[in-house]
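Worth knowing before you read on, the calculation uses all heavy atoms, side chains too, and leaves out hydrogens, waters and symmetry mates.
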Protein chains: 2
Amino acid sequence: MATGRTHRPATRSRGIPEATVARLPLYLRALTALSERSVPTVSSEELAAAAGVNSAKLRKDFSYLGSYGTRGVGYDVEYLVYQISRELGLTQDWPVVIVGIGNLGAALANYGGFASRGFRVAALIDADPAMAGKPVAGIPVQHTDDLEKIIKDNGVSIGVIATPAGAAQQVCDRLVAAGVTSILNFAPTVLAVPDGVDVRKVDLSIELQILAFHEQRKAGEEAEALIEAEAEAAAAKETRKGPDGDVPAVMPA
Amino acid sequence: MATGRTHRPATRSRGIPEATVARLPLYLRALTALSERSVPTVSSEELAAAAGVNSAKLRKDFSYLGSYGTRGVGYDVEYLVYQISRELGLTQDWPVVIVGIGNLGAALANYGGFASRGFRVAALIDADPAMAGKPVAGIPVQHTDDLEKIIKDNGVSIGVIATPAGAAQQVCDRLVAAGVTSILNFAPTVLAVPDGVDVRKVDLSIELQILAFHEQRKAGEEAEALIEAEAEAAAAKETRKGPDGDVPAVMPA
DNA sequence: AGATGTGAATGGCTTCACAGCT
DNA sequence: AGCTGTGAAGCCATTCACATCT
């Protein structure tokens, strides 16, 4: 096929949808649990339930990887574990550095889930000279001054930023300049990076805010059933036309 | 018009897309920063850049909230901060409990981003009797035995689970039974909850795995330019037909 | 002139439903 | 008989492009 060079010609082969990639770790986790219980095969229905998705989605996801199941039977657990691990790149070792060893950085350093999945905490880095040399999770903290050398000596391509917001962009720039091309950002800031560098962010406060939104809605809907009026004239259609203007977005429950 | 009770009659009013809700906290953060610098107004272009999205998306997002801008000028920063806060439900106080005060739980308790956004850590709960009474982030840790009472006394509707995976479902069940209807889960498990309860999960290891996938692809693409062969026959089309079987996940571009 | 607000077009993801294989 | 793999349909989100307002 040697699919030429034109506009990414529907190659498919490598075209695994981002949404699917994001679920592969979920499947992998569920499969690992089955594997530990020595379950030999699993149906899409069962595995989907364990991973918290529906079975059609799971089958579609797997179809992007190839035909790894057996009709009438299901999927071979060990085989799937291997295929998904390989697809995710977990059959190789990924040295990771964590920058910013405060509460969160320490929590990350101690987090067991990394080591078990091909990730290795290669170094801990902090700007506070007082921390230098102190071991956290058995690994001595090193000073930010040596960041570039640490990255290069360890062949690190994935960096975790757990610094305060103010320091994040600067740390990010240095990581990228030193050769890091994937960053997991815990600082509440938008990071600017050059093309070719991936950033994923985890923001605790954002997650809570999303929950608050839905929580507020629940309170509102409860009230709705009792009141059933008021929303009518809703009023003020002229000047400012927010969907419910000044009406308290919350109602006595 | 007292829109009866029929199939949610295209109400729109409350129909803010989930994707938009997930971005509101991002806009809010950017706006808060502008507000602190006393910037009075901002254009969709500027604000979008600060939030790391494109301006068309931002305008569309805001259009679901109402018409809060001024054509030819932009958005009033203070006014927007208020409107988004209200929409997200941040104008009220949300007492939160954190269950599982290990490294991560402690990091969360210490995280400043909560308090600043309407969230208040009402209690810390841990199963270890040795921790009971010990203050973390200035708040005394309480024992799991009292979980139900703590929830009820404080009117908590949002719970954060930072326990080991094995304990998470059990903690979740108790939280829900006690009246919690929104859960932020840091344990690497799929939680089963009844309808009406929202769960959001944060899984550090999953984020890293997604990065590893892309990282692996980058390595592949680099090689791609140099090799340009081999992937052709790709072979083994018969027995197992994974898109590229054992061939290194690389393709001539 | 300049920037918002929004229909229309596009693209991606999910769900359905069933053909096809074991 | 049972379960996978997948076209087709439907749904949601993003992007475009411009009418509309200040």
Pick base, sugar-phosphate or nothing for A/Glu18, based on heavy-atom distances below 4.0 Å to the nucleic acid.
sugar-phosphate
Below 4.0 Å: OP1/OP2 of D/dT4 and any side-chain N or O of A/Ser44
yes
Looking only at side-chain N and O atoms, does B/Tyr64 come under 4.0 Å of OP1 or OP2 in D/dC12?
no
Starting at CD1 of B/Ile16 and ending at C1' of D/dT14, how long is that distance when rounded to a whole Å?
18 Å
Which of the following nucleotides, C/dT14, C/dA3, D/dT4, is nearest to the side chain of A/Arg23?
C/dT14
Test side-chain hydrogen bond (donor to acceptor under 3.5 Å, both in side chains) applied to B/Arg86 and B/Thr91, step by step:
CA-CA 6 Å; B/Arg86 189 178 54 80; B/Thr91 50; over 6 Å; no
Base, sugar-phosphate, or nothing for B/Phe62, non-hydrogen atoms under 4.0 angstrom?
nothing
Without decimals, in angstroms, what is the distance between B/Arg59 CZ and C/dA8 C1'?
15 Å
Whole angstroms only, please: what is the OH-P distance between B/Tyr79 and C/dT4?
16 Å
Starting from the C-alpha separation in whole Å, work towards a yes-or-no answer on side-chain hydrogen bond (donor to acceptor under 3.5 Å, both in side chains) for B/Tyr82 and B/Glu78.
CA-CA 6 Å; B/Tyr82 170 71; B/Glu78 295 302 329; over 6 Å; no
Let me know the distance between CD of A/Glu45 and C1' of D/dA1, rounded to the nearest Å.
16 Å
Grab the CG-P distance between B/Leu58 and D/dT14 for me, whole Å please.
12 Å
Would you mind reading off the distance between A/Lys57 atom NZ and D/dC3 atom P, rounded to a whole angstrom?
22 Å
Tell me whether the side-chain N/O atoms of B/Asn54 come closer than 4.0 Å to OP1 or OP2 in D/dT15.
yes
Contacts of A/Asp61 and A/Gly72 projected onto DNA chain C by closest heavy atom; the upstream (5') one is A/Asp61
Which of these passes side-chain contact (heavy atoms from CB on, under 4.5 Å) with B/Leu34: B/Val81, B/Leu80, B/Val77?
B/Val77
Give me the distances for all protein-to-nucleotides 7-10 of chain D N/O pairs that come in under 3.5 Å?
{"residue": "D/dG7", "atom": "N7", "partner": "A/Lys60", "partner atom": "NZ", "Å": "3.4"}

Pair A/Thr41, A/Asp76: side-chain N/O donor-acceptor within cut-off below 3.5 Å
no
Heavy-atom closest contact (A/Ala51 atom, A/Leu26 atom, distance)
O-CD2, 3.5 Å
For A/Glu36 and A/Thr32, which I'm curious about, is there any donor-acceptor pair between the side chains at under 3.5 Å?
no
Rounded to whole Å, how long is the line connecting atom OH of A/Tyr68 with atom P of C/dT22?
17 Å
How about B/Thr189 and B/Gln169: does a side-chain donor come under 3.5 Å of a side-chain acceptor?
no
Donor/acceptor link under 3.5 angstrom from B/Arg71 side chain onto base of C/dT4:
yes
